[in-house]
Amino acid sequence: MVGFAGATAISLFVAFPLLISLHLKNSDIKKLQETVNYAQRHDSVTKALNGAAFAAAVEHYIDRRKRIATDAGGVMIAVVIESLDAINRRYGPQWADTVMQSLAAIIQTSVRSGDLVARLASNELGVFLPGASVENAQDVGTRVRRRVAEAAFTAGDAPLSIDIRLGGAIFEGATDFNHIRQLADEMAMQRGGPDADEALPISRLPAA
């Protein structure tokens with residue numbers, strides 16, 4: 001009995017550190033997987049969603065609403081930074097990245113809880129407002145324009161002029177992401193400049 005108890009104690013003494021080590025390794029693996037998953041879904045500069053993750057989220061929202069026979073409407077806003085290429089050429093990509101980081105942060109603080117923000121292109125950010133009305137989207141667009149105008153952008157000691165275009169697409173029912181984005185981009189480029197009559201020109205996507 002003494003020998004058996006001693007052997008058991010030795011086994012536990014040896015096994016316990018191994019179990020702790022295995023638990024820590026599993027924890028490290030889980031953290032690594034979470035980091036990889038985050039990196040796959042987010043833009044490395046702005047920390048906003050990347051284009052693929054954003055499109056998948058919008059499509060999932062539309063599909064889920066369609067399956068439960070609920071209105072799948074919402075609004076997408078395109079934010080195009082017209083002056084970014086000039087900043088990149090004159091001051092370098094690091095300052096262009098800094099501008100995009102700042103703009104993404106401004107937009108994140110301007111949207112509603114549950115809205116999605118993404119980087120769609122080198123000079124474009126996108127916002128998805130699920131279930132939003134035209135008035136909801138106009139409020140967001142107004143806040144974005146005001147906060148961008150109030151912010152001080154610099155490259156070192158040099159002040160930067162930030163020119164943005166905003167355009168929105170409102171939709172109801174089943175559609176696809178590409179149509180929504182195309183319409184939002186068109187509104188931004190055609191009617192969404194700094195001298196636009198409204199903070200956020202919006203067009204309604206025809207029903208499918």
Study note, to complete from the structure: Applied to residues 79-89, the salt bridge (charged side-chain N to carboxylate O under 4.0 Å, His left out) test, sequence neighbours excluded, yields E82-R165
Study note, to complete from the structure: Across all chains, not counting sequence neighbours, the salt bridge (charged side-chain N to carboxylate O under 4.0 Å, His left out) partners of R143 are none
**Study point:** Residue list, ring pair (Phe, Tyr, Trp, His ring centres under 6.0 Å) with H179, at least two apart or on another chain
**Key:** none
Check your understanding: Out of curiosity, does Y61 fall in the hydrophobic cluster containing L129 (side-chain heavy atoms, cut-off under 4.5 Å, transitive links)?
Key -> no
**Study point:** Under the side-chain contact (heavy atoms from CB on, under 4.5 Å) test, residues paired with A105 that sit two or more places apart
**Key:** none
Point to revise | Contact check, side chains of T175 and I62, non-hydrogen atoms, under 4.5 Å | key: yes
Point to revise | Any V144 side-chain heavy atom under 4.5 Å of I77 side chain | key: no
Exercise for review: Output every pair passing salt bridge (charged side-chain N to carboxylate O under 4.0 Å, His left out) with a member in residues 45-59, not counting sequence neighbours, ordered by first then second residue.
Suggested key: none
**Study point:** Heavy-atom side-chain contact between M76 and L120 under 4.5 Å
**Key:** yes
Study note, to complete from the structure: Taking every heavy atom of L84 against every heavy atom of S122, the minimum-distance pair comes out as CD2-O, 3.1 Å
Review point. Should the pair F171 and F128 be assigned to parallel (<30°), tilted (30 to 60°) or perpendicular (>60°) ring geometry?
Key: parallel
Study note, to complete from the structure: Sequence neighbours excluded, the answer for ring pair (Phe, Tyr, Trp, His ring centres under 6.0 Å) partners of F177 is F54
Exercise for review: Hey, could you give me each pair passing salt bridge (charged side-chain N to carboxylate O under 4.0 Å, His left out) that has a residue in residues 113-132? Not counting sequence neighbours.
Suggested key: D43-R119, R112-D115, E124-R181
Check your understanding: Residues in side-chain contact (heavy atoms from CB on, under 4.5 Å) with A151, at least two apart?
Key -> I106, F153
Taking only distance into account, with no hydrogens and no angle test, what donor-acceptor pairs under 3.5 Å do side-chain atoms of residues 94-103 form with protein atoms, sequence neighbours excluded?
| residue | atom | partner | partner atom | Å |
| --- | --- | --- | --- | --- |
| T98 | OG1 | Q94 | O | 2.9 |
| Q101 | NE2 | V45 | O | 3.4 |
| S102 | OG | T98 | O | 3.1 |

Practice item. Show the numbers, then the answer: is there a side-chain contact (heavy atoms from CB on, under 4.5 Å) between V58 and I180? Key: CA-CA 10 Å; V58 175; I180 302 168; 4.3 Å; yes
**Study point:** Test item: T154 side-chain N/O and D157 main-chain N/O as donor-acceptor pair under 3.5 Å
**Key:** no
Point to revise | Sequence-distant partners of A158, side-chain contact (heavy atoms from CB on, under 4.5 Å), two or more places apart | key: Y91
**Study point:** Minimum-distance pair of heavy atoms, taken over all atoms of N88 and P93
**Key:** OD1-CA, 2.9 Å
Review point. R204: what forms a salt bridge (charged side-chain N to carboxylate O under 4.0 Å, His left out) with it, not counting sequence neighbours?
Key: E172
**Study point:** Sidechain-backbone polar pair: T142 side chain, A199 backbone, donor-acceptor under 3.5 Å
**Key:** no
Review point. R191: what forms a side-chain contact (heavy atoms from CB on, under 4.5 Å) with it, not counting sequence neighbours?
Key: M187, E198, P201
Review point. Got I107 and V127 here, is their nearest side-chain heavy-atom distance under 4.5 Å?
Key: yes
Revision key, fill the gap. Nearest heavy-atom contact between A104 and L125 is N-CD1, 3.9 Å
